[in-house]
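Report on the following structure.
If you read the sequence from its start, that first residue is 1, and numbering goes on from there.
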Amino acid sequence: MLSPYGMEIVESCITCKLRTDRIFCDLPDTALQAFEEIKYATAYPQGAVLFVEGQMPRGIFVLCKGSVKMSINSPNGRTVIVKLAEPGEVLGLSATISGKPYEVTAETIDPTQVNFVKRDDFLRFLKDDVEACFKVAEQLSEKYHSACKEAGSLGLSHSAAEKLAKLLLEWSSKNGEGSKSEPRVKLRLTHEEIAQMIGTSRETVTRLFADMRKRQIVQSKGSTLVIRNTGALRELANHNN
């Protein structure tokens, strides 16, 4: 089924061919059937807000297609993007379980499909299925591990150049295409949003990209970034190690 956003919607988790590769989606048949009965498949356009930081949890959002940026806002209005969620992740999980407000704001980067489950239905689902509880625990553990790794990688860097280099290397390892020697990364964020991820200004990010292009470390082709010299990018990422 096609949505208004030109994206093929996966109506059934049971027939989804991608679920075996995803932590939460790879449930036993009985649990998957129970989940199928309580979820709502929904499509969103680019720039749609799924939930807002401080909002009481309505439920979970299982990301099926597309990507979502997770951000927090400081009292002085500064925005920090804490991560980019990829298909297979469960958004709003810890808040839904704890009953505390969502910790972040979730906004779609491109046309996105999610499976939404109301909080009460999801909690009953977990109480009735031990395997589903293990999957949730695995997802929460993965989120904690990723958060610690990203905080250490970006937070302990000594310069914006190191942080940007590490971010590009991470994106190329996760979503890079093309050859290993010259991976291609589709930039889904603006310079302003990248600055919000690494704690610097848009002007600094623009200047760093210009410097990388001048040194032939990267090459821009529209929204695609070609990493022409992975070794030099790694040296930049580990400059103070």
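Thr204 contributes no side-chain N or O that, together with a main-chain N or O of Thr200, makes up a donor-acceptor pair within less than 3.5 Å. At least one donor-acceptor pair closer than 3.5 Å links the side chain of Glu53 to the backbone N or O of Asn73. With Lys127 contributing its side chain and Phe122 its backbone, the two residues share no donor-acceptor pair below 3.5 Å. For the pair Thr96 (side chain) and Arg119 (backbone), a donor-acceptor distance under 3.5 Å is absent. A donor-acceptor distance shorter than 3.5 angstrom exists from the side chain of Thr108 to the backbone of Pro45, with no hydrogens or angles considered. The main-chain N or O of Leu63 is never found under 3.5 Å from a side-chain atom of Glu89 such that the two would form a donor-acceptor pair. The main-chain N or O of Val52 is found under 3.5 Å from a side-chain atom of Gln55 such that the two form a donor-acceptor pair. Looking at Thr224, its side chain never comes within 3.5 Å of a backbone N or O of Gly222 through a donor-acceptor pair.
In this structure, the separation between OG on Ser201 and CD on Gln196 is 11.5 Å, given to the nearest 0.5 Å. Separation of atoms CD1 (Ile194) and CG (Leu208) is listed at 10.5 Å; rounding is to 0.5 Å. With values rounded to the nearest 0.5 angstrom, Leu233 atom CG is found 13.5 Å from Arg228 atom CZ. To the nearest 0.5 angstrom, Lys39 atom NZ is 7.0 Å from Cys64 atom SG. Within the model, atoms NZ of Lys166 and CD1 of Ile198 stand 11.5 Å from one another, a figure rounded to the nearest 0.5 Å. The OG atom of Ser12 sits 7.5 Å away from the CG atom of Leu32 when rounded to the nearest 0.5 Å.
Residues Val90 and Phe134 fall into different hydrophobic clusters, defined by Ile, Leu, Val, Met, Phe, Trp and Tyr side chains chained together at heavy-atom separations under 4.5 Å. Hydrophobic clustering, with ILVMFWY side chains joined whenever heavy atoms are under 4.5 angstrom apart, keeps Ile60 apart from Tyr102. Under a hydrophobic-cluster definition in which Ile, Leu, Val, Met, Phe, Trp and Tyr are linked whenever side-chain heavy atoms come within less than 4.5 Å, directly or via other members, Leu140 and Val117 are assigned to the same cluster. A continuous path of ILVMFWY side-chain contacts below 4.5 Å connects Val80 to Phe51, so both sit in one hydrophobic cluster. Cluster membership for Ile38 and Leu123, using ILVMFWY side-chain heavy atoms within less than 4.5 angstrom, is not shared.
Nearest heavy-atom pair across Ala41 and Val10 is CB-O, 4.3 Å. Of all heavy-atom pairs between Glu103 and Ile72, the closest is O-CG2, 3.5 Å. Shortest non-hydrogen contact noted between Leu126 and Cys133 is O-SG, 3.0 Å. Minimum interatomic distance between Asp129 and Glu131 (heavy atoms only, all atoms of both residues): OD1-N, 3.0 Å. Considering every non-hydrogen atom in both Ala237 and Leu169, the closest pair reads CB-CD1, 3.8 Å. Summarising the geometry of Val226 relative to Arg184, their closest heavy-atom pair is CG2-NH1, 3.7 Å, with the distance given to 0.1 Å.
Here the side chains of Ser71 and Glu107 are not in contact, with every heavy-atom distance at 4.5 Å or above. Within the 4.5 Å cutoff, the side chain of Phe61 has no heavy atoms near those of the Thr42 side chain. By the 4.5 Å heavy-atom criterion applied to side chains, Leu189 and Met197 are counted as neighbours. Counting heavy atoms from C-beta on, the side chains of Leu236 and Glu162 never come closer than 4.5 Å. Residues Leu91 and Met70 are in side-chain contact: their nearest non-hydrogen atoms beyond the backbone lie under 4.5 Å apart. Annotation: side chain of Val68 is not in contact with side chain of Leu84 (no heavy-atom distance under 4.5 Å). Phe125 is not listed as a side-chain neighbour of Asp121, based on a closest heavy-atom distance of 4.5 Å or more. The side-chain heavy atoms of Leu225 and Trp171, taken from C-beta on, include no pair separated by under 4.5 Å.
Under the rule for a ring-ring contact (aromatic ring centres under 6.0 Å, His included), Tyr44 has no partner lying at least two apart in sequence or in another chain.
Shown here is Lys65, whose NZ atom has more than 12 heavy atoms of other residues, nucleotides or ligands within 6.0 Å.
For the pair Arg58 and Phe116, the cation sits on the ring face: its NZ or CZ lies under 6.0 Å from the ring centre, inside 45° of the axis.
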> Would Asp211 and Arg215 count as a salt bridge (Lys or Arg N to Asp or Glu O under 4.0 Å) if you check the C-alpha gap in whole Å, the side-chain angles of each, and the deciding distance to 0.1 Å?
Replying inline: CA-CA 6 Å; Asp211 181 62; Arg215 296 168 58 186; 3.5 Å; yes

> Does the salt bridge (Lys or Arg N to Asp or Glu O under 4.0 Å) test come out yes or no for Glu86 and Lys174, once each step is laid out?
Replying inline: CA-CA 10 Å; Glu86 302 292 344; Lys174 286 184 178 180; over 6 Å; no

> What's the verdict on side-chain contact (heavy atoms from CB on, under 4.5 Å) for Leu168 and Val185, showing C-alpha distance, side-chain angles and the deciding distance?
Replying inline: CA-CA 8 Å; Leu168 295 178; Val185 179; 5.8 Å; no

>> Applying side-chain contact (heavy atoms from CB on, under 4.5 Å) to Thr190 and Glu192, what does each step give before you reach the verdict?
In response: CA-CA 5 Å; Thr190 64; Glu192 177 69 29; 3.7 Å; yes

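For Phe24 and Phe35, the ring centers are positioned less than 6.0 Å apart.
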